[in-house]
Asks: 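Can you keep this structure in mind? I'll have questions shortly.
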Amino acid sequence: MAEFKRRTLTLSTGKQIKLYGNSIGIGKSLEVAEGYAPNIFACVSHDQDTKPGSAVANPHQLSAEEMYELADFSIRLWLDLKDNIRKYGINSTKVFNSDAVR
């Protein structure tokens, strides 16, 4: 199973991908990218000398139900990506949701 530590994504094959951001995301087009700013829901510190965890940042004031909905949306995109890769292979542009691509 993949692991994400110190901005490095390590896959079960041993391949390592150095990332500049702090997260990995998927868009409606099923394109995958790294994220830089945790700007929807995050664990933040008020003092740079302390570890993260001093407060929860929720600038859009999402409720628990809205967070579940966001999680379900993201999970569905990842599952669609897996299904499309199984169906079309890793080198086909059919993997992506053409309606959402730029």
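Owing to the predicted nature of the structure, the values given are computational and were not obtained by experimental measurement.
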Asks: Closest approach of S92 and Y88, non-hydrogen atoms and distance?
Replies: CB-O, 3.5 Å

Asks: Excluding sequence neighbours, so at least two apart, what forms side-chain contact (heavy atoms from CB on, under 4.5 Å) with L77?
Replies: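 Residues passing side-chain contact (heavy atoms from CB on, under 4.5 Å) with L77: I26, L30, F73.
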
Asks: If you link I, L, V, M, F, W and Y whenever their side-chain heavy atoms are under 4.5 Å apart, who else ends up in the same group as L70?
Replies: I40, F41, V56, L62, M67

Asks: For R76, which residues count as a salt bridge (Lys or Arg N to Asp or Glu O under 4.0 Å) partner, sequence neighbours excluded?
Replies: D80, D83

Asks: Partners of E3 by salt bridge (Lys or Arg N to Asp or Glu O under 4.0 Å), sequence neighbours excluded?
Replies: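 Partners of E3 by the salt bridge (Lys or Arg N to Asp or Glu O under 4.0 Å) criterion, ordered by chain and then number, come out as K5.
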
Asks: Which donor-acceptor pairs under 3.5 Å do the side chains of residues 12-21 make with protein atoms, sequence neighbours left out?
Replies:
{"residue": "T13", "atom": "OG1", "partner": "K15", "partner atom": "N", "Å": "3.4"}

Asks: Between I24 and I75, is there a shared hydrophobic cluster once you connect ILVMFWY residues whose side-chain heavy atoms come closer than 4.5 Å?
Replies: no

Asks: Would you say that more than 12 heavy atoms from the other residues, nucleotides or ligands in this model lie under 6.0 Å from the CG of L79, or not?
Replies: yes

Asks: Compare every heavy atom of L9 with every heavy atom of A2, then report the nearest pair and how far apart it is.
Replies: CB-CD1, 4.1 Å

Asks: Run the side-chain contact (heavy atoms from CB on, under 4.5 Å) test against A42 and tell me which residues pass, sequence neighbours left out.
Replies: P38, V44, A57

Asks: With a 3.5 Å distance limit and no angle check, can you tell me whether N84 reaches the backbone of V95 through a side-chain donor-acceptor pair?
Replies: yes

Asks: Counting only heavy atoms from other residues, nucleotides and ligands, does the tally under 6.0 Å from OH of Y68 exceed 12?
Replies: no

Asks: Nearest 0.5 angstrom please: N58 CG to C43 SG, how far?
Replies: 12.5 Å

Asks: I'd like to check the side chain to side chain donor-acceptor pair (under 3.5 Å) partners of E66; sequence neighbours left out, ordered by chain and number.
Replies: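 For E66 the side chain to side chain donor-acceptor pair (under 3.5 Å) partners, ignoring immediate neighbours, are S63.
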
Asks: Under the side-chain contact (heavy atoms from CB on, under 4.5 Å) rule, collect the residues that match up with A71, sequence neighbours excluded.
Replies: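 So A71 forms no side-chain contact (heavy atoms from CB on, under 4.5 Å) with any residue.
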
